[in-house]
Novice: 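Attaching a single structure in structure tokens format; questions to follow.
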2 protein chains.
Amino acid sequence: MPKPEVDPTAQLELRVDRSSPVPLYFQLSQQLEAAIEHGSLTPGSLLGNEIELAARLGLSRPTVRQAIQSLVDKGLLVRRRGVGTQVVHSQVKRPLELSSLYDDLEAAGQRPATTVLVNTVVPATAEVAAALGVAEGSDVQRVERLRLAHGEPMAYLCNHLPSGLLDLDTAQLEATGLYRLMRAAGITLHSARQSIGARAATADEAERLAEAEGAPLLTMQRTTFDDTGRAVEFGDHIYRPTRYSFEFQLLVRS
Amino acid sequence: MPKPEVDPTAQLELRVDRSSPVPLYFQLSQQLEAAIEHGSLTPGSLLGNEIELAARLGLSRPTVRQAIQSLVDKGLLVRRRGVGTQVVHSQVKRPLELSSLYDDLEAAGQRPATTVLVNTVVPATAEVAAALGVAEGSDVQRVERLRLAHGEPMAYLCNHLPSGLLDLDTAQLEATGLYRLMRAAGITLHSARQSIGARAATADEAERLAEAEGAPLLTMQRTTFDDTGRAVEFGDHIYRPTRYSFEFQLLVRS
DNA sequence: TCAATGCGTTTGTCCGGACAATCGAACTAC
DNA sequence: GTAGTTCGATTGTCCGGACAAACGCATTGA
């Protein structure tokens with residue numbers, strides 16, 4: 001009796017376009033990811049073995065492996081030697097990205113609004129200088145913003161940038177997020193150090209955020225680095241915890 | 001005039017042991033990582049090209065690339081086509097891992113202590129059932145712990161586990177962390193969904209943590225999944241923000 | 001009945017090579 | 001002097017193959 005055909009990728013219309021400039025492994029991984037997202041590849045199901053999949057697509061095994069590996073890195077697939085590769089069966093969202101409050105709100109359909117309170121050049125304090133790796137007292141760009149959703153204040157954002165890195169236009173800052181402006185300026189964000197904590201609101205903070213003095217606030221400090229390791233931004237943010245919390249998914253590095 | 005030798009890896013004593021069961025690419029990546037950590041490879045310096053490095057070590061280029069790639073994934077190196085591979089020059093610590101409060105405290109030299117308040121089997125509430133993917137009202141293991149450092153309460157940890165997954169011994173729970181017990185039981189942690197927020201302490205919480213009622217607290221909810229996507233733990237934790245904050249490094253996924 | 005062994009399957013590792021894409025710098029032409 | 005071009009260097013992608021290691025399962029043995 002022949003083994004029943006149970007390879008779920010056999011039913012999928014997988015194909016690659018060799019004339020496309022998009023790498024073959026990337027084409028394949030995108031199609032597999034779409035199939036998982038769409039539900040064509042159900043959680044727990046085993047992908048057929050790499051050799052056969054490669055043969056079916058007319059690709060080499062390393063190329064197929066590269067495609068699968070990228071999905072393993074994303075946490076969508078799990079490989080087991082001697083068993084096969086199967087779809088992780090869980091509600092995997094995207095793993096933690098370098099999140100931007102603006103993007104988060106927009107993704108939640110909240111139409112964020114921003115009020116720029118301060119946008120000027122100031123001498124760096126010791127804290128800012130240390131975070132950005134510049135001399136204390138040297139010029140840095142300081143931006144203070146109030147972020148609102150549905151007309152209610154959500155967060156107070158204070159950021160410092162190295163002077164001259166970016167031309168910060170107040171109108172642009174009110175129209176979009178800081179990260180988008182930086183990316184648009186050709187800065188490739190690479191990594192960030194974050195610290196998330198909580199504390200009671202001071203009188204000033206309470207007034208800005210329409211909270212009571214002493215109300216709990218969620219705080220976040222972040223230094224962002226570009227791909228050369230240069231610090232490009234230092235942010236000191238406070239959030240109203242009734243309106244915002246940090247949600248993310250993490251993967252264990254193996 | 002011959003080009004001056006500027007390849008910093010040439011000075012390094014890189015070598016691989018082919019008789020070792022440790023994969024060659026892993027041996028190489030570990031040595032490179034150690035060299036970066038130790039400062040032998042200074043930030044910004046260019047590694048010699050892959051071909052030459054492979055030849056020097058008697059390895060193939062794919063193997064060398066695999067070693068380098070793993071360090072790129074860790075954020076220690078940056079590749080630039082047409083230029084070379086260079087050491088990221090910044091204070092890159094480890095990127096965010098699936099952190100354990102116990103490990104965090106121990107790493108900080110704080111000698112954590114734990115008091116188990118509750119360790120029993122209870123019917124799952126709707127929230128717990130949804131998080132763990134079990135039926136509401138079915139049996140789940142409930143653990144409540146108080147974590148202390150230097151004799152001061154630091155966090156109140158409430159966790160739920162699927163029944164039968166793990167035999168939780170109270171003595172063991174007081175001696176080490178939950179994650180360590182799970183790993184020791186052969187469970188491979190894979191990913192987690194976290195939510196970090198803040199709120200004011202209730203009277204009960206305040207008493208447990210030696211805080212005042214209404215004091216700001218840092219809260220964290222987490223569902224952890226193993227490598228098959230099964231939920232293996234749901235935790236609802238509160239921390240004293242004067243004693244603890246979440247610090248981590250993130251990388252942008254390219 | 002239960003443990004140990006053997007075997008096929010599948011992924012993990014590694015090789016050696018080929019060509020393309022991109023970057024930076026030197027060079028050339030205007 | 002400046003802009004465009006060419007060229008060498010380096011990484012990116014892809015191939016086809018080989019053997020090792022681990023897993024699950026059936027078989028065998030006590």
Novice: With sequence neighbours excluded, what pairs up with B:Asp139 under the side-chain hydrogen bond (donor to acceptor under 3.5 Å, both in side chains) test?
Specialist: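 With neighbours one apart ignored, the set is empty.
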
Novice: Can you tell me if CZ on B:Arg15 sees more than 12 non-hydrogen neighbours from other groups inside 6.0 Å?
Specialist: no

Novice: Phosphate oxygens OP1/OP2 of C:dC14: is one of them under 4.0 Å from a side-chain N or O of B:Tyr25?
Specialist: no

Novice: What's the CD1-C1' distance between B:Ile68 and D:dT11, to the nearest Å?
Specialist: 10 Å

Novice: Quick test of your reading: applying salt bridge (charged side-chain N to carboxylate O under 4.0 Å, His left out), list the pairs with at least one residue in residues 58-72 of chain B, sequence neighbours left out, ordered by first then second residue.
Specialist: B:Glu50-B:Arg61, B:Glu50-B:Arg65

Novice: Please enumerate all residues that pass side-chain contact (heavy atoms from CB on, under 4.5 Å) together with B:Gln141, with sequence neighbours excluded.
Specialist: B:Asn119, B:Val121, B:Val143, B:Leu161, B:Leu168

Novice: OP1 or OP2 of D:dT11 less than 4.0 angstrom from a side-chain nitrogen or oxygen of B:Thr85, does that happen here?
Specialist: yes

Novice: Does B:Asp226 have any salt bridge (charged side-chain N to carboxylate O under 4.0 Å, His left out) partners at least two apart in sequence or in another chain, and if so, which?
Specialist: B:Arg230

Novice: Hey, could you give me each pair passing salt bridge (charged side-chain N to carboxylate O under 4.0 Å, His left out) that has a residue in residues 16-33 of chain B? Not counting sequence neighbours.
Specialist: B:Glu33-B:Lys74

Novice: Could you run down the sub-3.5 Å N/O contacts of the protein with nucleotides 19-25 of chain C?
Specialist:
unit_1, atom_1, unit_2, atom_2, d
C:dA21, O4', B:Arg81, NH1, 3.2
C:dC23, O4', B:Arg81, O, 3.1

Novice: Which whole-number value in Å describes the distance from A:Leu47 CG to C:dT9 C1'?
Specialist: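 After rounding, the reported distance stands at 16 Å.
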
Novice: Starting at atom CG of B:Leu53, determine the distance to atom P of C:dC15, rounded to an integer number of angstrom.
Specialist: 12 Å

Novice: Could you state the CG-P distance from B:Leu24 to C:dG16, rounded to the nearest angstrom?
Specialist: 12 Å

Novice: To the nearest angstrom, how far is A:Asp17 atom CG from D:dC14 atom P?
Specialist: 12 Å

Novice: Among D:dT11, C:dC14, C:dG16, which nucleotide sits nearest the side chain of B:Arg79?
Specialist: D:dT11

Novice: Could you tell me the separation between the CD atom of B:Gln66 and the P atom of C:dG12, rounded to a whole number of Å?
Specialist: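 Taking atom P of C:dG12 as the reference, CD of B:Gln66 is at 10 Å.
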
Novice: Take atom CZ of B:Arg65 and atom C1' of D:dT10, then tell me their distance rounded to the nearest Å.
Specialist: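 About 10 Å, once rounded to whole Å.
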
Novice: In whole angstrom, give the distance that lies between atom CD of B:Glu50 and atom P of D:dT13.
Specialist: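 Rounded to the whole Å, the gap is 11 Å.
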
Novice: Please state whether the phosphate of D:dC15, meaning OP1 or OP2, lies under 4.0 angstrom from any side-chain nitrogen or oxygen of A:Thr63.
Specialist: yes

Novice: Which part of the nucleic acid, if any, lies within contact of A:Pro23, taking any heavy atom under 4.0 Å across all strands shown: a base, the sugar-phosphate backbone alone, or nothing?
Specialist: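 Sugar-phosphate, backbone atoms only, no base.
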
Novice: Taking the side chain as everything from C-beta on, heavy atoms only, tell me whether B:Tyr179 gets closer than 4.5 Å to B:Leu189.
Specialist: yes

Novice: Picking from D:dC15, C:dC14, D:dT11, which would you name as closest to the side chain of B:Ser60?
Specialist: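 Closest of the options to the side chain of B:Ser60: C:dC14.
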
Novice: Does the side chain of A:Arg18 get closer than 4.0 angstrom to OP1 or OP2 of D:dC15 through an N or O atom?
Specialist: yes

